[in-house]
Asker: 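Sharing a structure, written as structure tokens. Questions coming.
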Amino acid sequence: NYWFVETLAEYFSALYLENVHGRKDYDEQVEEWRKRVLEVDQRASIQNSTALWAGEIPGAAYQAAIYNKGPLALHVLRETFGDEKFFAALKKFSMDLDEKGEVVTEDLRMMAEEAFGGVGPDGNPYNVDLGWFFDQWIRCAGIPQYVLNYDVRRAEDGTWIVEGNVRQRIVVGNKGRYHVLDDKYYRGLVSVTVTGKDKQEYPVRFPVDGPETPFAFKVPVEPRDVVLNKGHEMLSLDVLVNRDF
């Protein structure tokens with residue numbers, strides 16, 4: 001369970017860059033993490049990378065898990081829930097766990113579930129279930145690979161309809177050498193970004209869960225380009241467009 005010590009330190013370094021130099025520097029650091037994760041043959045989860053066989057080059061696999069995939073998991077959490085709740089969770093980690101003698105992954109999960117919760121219409125506080133998130137990104141060794149299938153057509157009102165589906169599978173390894181985990185799928189928010197002939201971008205976010213997620217939405221101008229996960233809000237292999245795995 002020591003993973004989060006170095007992961008948080010690495011992630012806080014990116015937050016420092018963002019606060020001192022701007023979001024662009026933060027995004028560049030996120031991209032560096034992503035490139036490293038996709039390059040390294042990584043066979044163990046973040047949580048188990050210190051205890052289990054992690055790949056053909058164990059040192060590189062450990063580094064990629066703790067210093068790259070771990071911070072990327074926090075980035076995905078931030079992009080999923082937004083800055084207000086995300087930074088409240090980081091504050092809660094620091095304050096509530098400060099005097100605890102031994103901190104494990106479950107402590108972080110429980111703190112996050114409380115921080116990402118809120119107060120219901122009845123005035124009672126509620127927690128958000130994040131077991132799925134920690135199972136995917138912290139306790140599992142895989143990452144998603146997506147296929148974007150789409151088509152565009154003119155609507156009767158003069159707008160344009162973009163419709164299709166997002167397929168996914170989970171792979172373990174790196175972009176050059178991996179195997180597929182059968183019957184396993186991740187939950188998360190992805191974005192489809194349409195660039196119109198007016199050169200404006202029209203991003204639409206929606207949840208994916210399971211092997212295939214259909215979508216359909218309108219944009220005001222004829223699309224020139226359609227991209228899934230353009231800002232890498234989700235960690236994944238490169239997206240395949242209008243073709244199968």
Side-chain angles (χ1 to χ4, degrees), residues 1-17 26 29-80 86 89-116 129-145 169-182 184-188 232 234-237:
N1 286 271
Y2 187 77
W3 65 271
F4 63 86
V5 176
E6 296 301 323
T7 286
L8 285 172
E10 178 69 18
Y11 188 76
F12 285 142
S13 71
L15 292 180
Y16 173 83
L17 291 174
Y26 170 90
Q29 185 61 59
V30 169
E31 184 60 21
E32 286 299 316
W33 294 333
R34 177 179 175 273
K35 288 179 180 178
R36 184 63 173 164
V37 168
L38 299 188
E39 288 170 357
V40 174
D41 180 27
Q42 186 181 339
R43 303 283 168 162
S45 69
I46 295 171
Q47 178 175 277
N48 295 329
S49 59
T50 58
L52 300 180
W53 182 79
E56 296 292 343
I57 308 177
Y62 168 80
Q63 291 282 332
I66 301 299
Y67 294 96
N68 304 123
K69 189 179 180 184
L72 276 169
L74 294 177
H75 172 70
V76 172
L77 194 64
R78 178 183 182 182
E79 292 297 305
T80 300
F86 177 78
L90 291 187
K91 183 177 181 180
K92 193 167 186 60
F93 292 162
S94 302
M95 297 181 67
D96 290 16
L97 301 177
D98 181 48
E99 297 181 359
K100 186 174 172 61
E102 181 176 323
V103 178
V104 296
T105 302
E106 280 297 282
D107 293 315
L108 298 181
R109 180 187 63 79
M110 289 187 291
M111 293 297 101
E113 288 183 340
E114 186 175 341
F116 286 118
D129 175 22
L130 289 177
W132 60 271
F133 184 91
F134 279 79
D135 286 344
Q136 289 176 183
W137 296 111
I138 307 302
R139 300 187 180 101
C140 180
I143 61 175
Q145 183 181 30
R169 65 181 182 180
I170 307 302
V171 302
V172 175
N174 62 14
K175 64 181 180 181
R177 179 188 177 194
Y178 56 78
H179 69 268
V180 179
L181 299 181
D182 293 331
K184 192 171 187 64
Y185 308 101
Y186 278 10
R187 295 168 56 187
H232 301 308
M234 288 285 287
L235 170 62
S236 73
L237 292 186

Asker: Do N174 and V40 make a side-chain contact, defined as non-hydrogen atoms from C-beta onward lying under 4.5 Å apart?
Answerer: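 No; the side chains remain at least 4.5 Å from each other.
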
Asker: Would you call R109-D107 a salt bridge at under 4.0 Å N-O?
Answerer: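 The answer is no: the pair does not qualify as a salt bridge.
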
Asker: Using a cut-off of 6.0 Å, state whether more than 12 heavy atoms not belonging to Y16 lie near its atom OH.
Answerer: no

Asker: Please report the closest heavy-atom contact between E6 and Y2, naming both atoms and the distance.
Answerer: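 Taking E6 first and Y2 second, the nearest heavy atoms are OE2-OH, 3.8 Å.
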
Asker: Can you measure from CE (M111) to NZ (K92) and round to the nearest 0.5 angstrom?
Answerer: 5.5 Å

Asker: Under the 6.0 Å and 45° cation-pi test, does R78 pair with Y26?
Answerer: yes

Asker: Would you name the heavy atoms of G131 and E113 that are closest together and state the gap between them?
Answerer: N-OE2, 3.6 Å

Asker: Check whether any side-chain heavy atom of I170 sits under 4.5 Å from a side-chain heavy atom of V180, and report yes or no.
Answerer: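 They are not in contact (no side-chain heavy atoms under 4.5 Å apart), so the answer is no.
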
Asker: What are the two closest non-hydrogen atoms of N68 and V37, and how far apart are they?
Answerer: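 The pair with the smallest heavy-atom distance is CB-CG2, 3.6 Å.
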
Asker: State, yes or no, whether a side-chain contact exists between F134 and L108 at a heavy-atom distance under 4.5 Å.
Answerer: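 They are in side-chain contact.
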
Asker: Closest approach of P71 and E10, non-hydrogen atoms and distance?
Answerer: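 Closest pair (atom of P71, atom of E10, distance): CG-CG, 3.5 Å.
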
Asker: Are any of the side-chain nitrogens in K35 or E39 under 4.0 Å away from the carboxylate oxygens of its partner?
Answerer: no

Asker: Would you give the length of the straight line joining atom CD1 of I138 to atom CD1 of I46, rounded to the nearest 0.5 angstrom?
Answerer: 4.0 Å

Asker: Keeping N48 on the side-chain end and A51 on the backbone end, is there a donor-acceptor pair under 3.5 Å?
Answerer: no

Asker: Does any donor atom in the side chain of S45 or W137 lie under 3.5 Å from an acceptor atom in the other side chain?
Answerer: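 Side chains of S45 and W137: no pair found under 3.5 Å.
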
Asker: Under 6.0 Å from the CD1 atom of I57, do we count more than 12 heavy atoms belonging to anything else shown?
Answerer: no

Asker: Have R34 and H75 got a donor and an acceptor in their side chains that come within less than 3.5 Å?
Answerer: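 No, no side-chain donor-acceptor pair sits under 3.5 Å.
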
Asker: Between T7 and Y67, is any pair of side-chain heavy atoms under 4.5 Å apart?
Answerer: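 Contact flag for T7/Y67 side chains = no.
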
Asker: So L237 and Y178, do their side chains get closer than 4.5 Å, heavy atoms only?
Answerer: yes

Asker: Side chains of V172 and I143: closer than 4.5 Å at any heavy-atom pair?
Answerer: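 V172 vs I143: side chains apart.
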
Asker: Starting at CD of E79, measure out to NE2 of H232 and round the result to the nearest 0.5 Å.
Answerer: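 Those atoms lie 12.0 Å apart.
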
Asker: Which pair of non-hydrogen atoms, one from Q47 and one from T50, has the smallest distance, and what is that distance?
Answerer: O-OG1, 4.5 Å

Asker: Counting N and O atoms only, with roles assigned by atom type, does the side chain of Q136 sit under 3.5 Å from a partner on the main chain of R187, one being a donor and the other an acceptor?
Answerer: yes

Asker: Between S49 and I66, is there a side-chain heavy-atom distance shorter than 4.5 Å?
Answerer: yes

Asker: How close do R36 and A60 get, counting heavy atoms only, and between which atoms?
Answerer: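 In terms of heavy atoms, the two residues are closest at NH2-CB, 3.9 Å.
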
Asker: Do Y186 and W132 have their ring centres less than 6.0 Å from each other?
Answerer: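 Aromatic pair excluded; centres sit 6.0 Å or further apart.
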
Asker: For R43 and H179: C-alpha separation, side-chain torsions, deciding distance, then whether side-chain contact (heavy atoms from CB on, under 4.5 Å) applies.
Answerer: CA-CA 10 Å; R43 303 283 168 162; H179 69 268; 3.0 Å; yes

Asker: Is L90 close to L15 at the side-chain level, that is, under 4.5 Å between some pair of heavy atoms?
Answerer: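 With C-beta onward as the side chain, the pair touches.
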
Asker: Quick one: pull up CG in D96 and CE in M110 and give me the separation to the nearest 0.5 Å.
Answerer: 11.0 Å

Asker: State the CG-CZ distance between L74 and F12, to the nearest 0.5 angstrom.
Answerer: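 Separation between the atoms: 8.0 Å.
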
Asker: Could you tell me if the ring centre of Y11 sits under 6.0 Å from that of F86?
Answerer: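 Here the rings of F86 and Y11 have centres that are less than 6.0 Å from each other.
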
Asker: Does a salt bridge link E106 with R139, judged by any charged N lying under 4.0 Å from a carboxylate O?
Answerer: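 Between R139 and E106 there is a salt bridge, with a charged N closer than 4.0 Å to a carboxylate O.
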
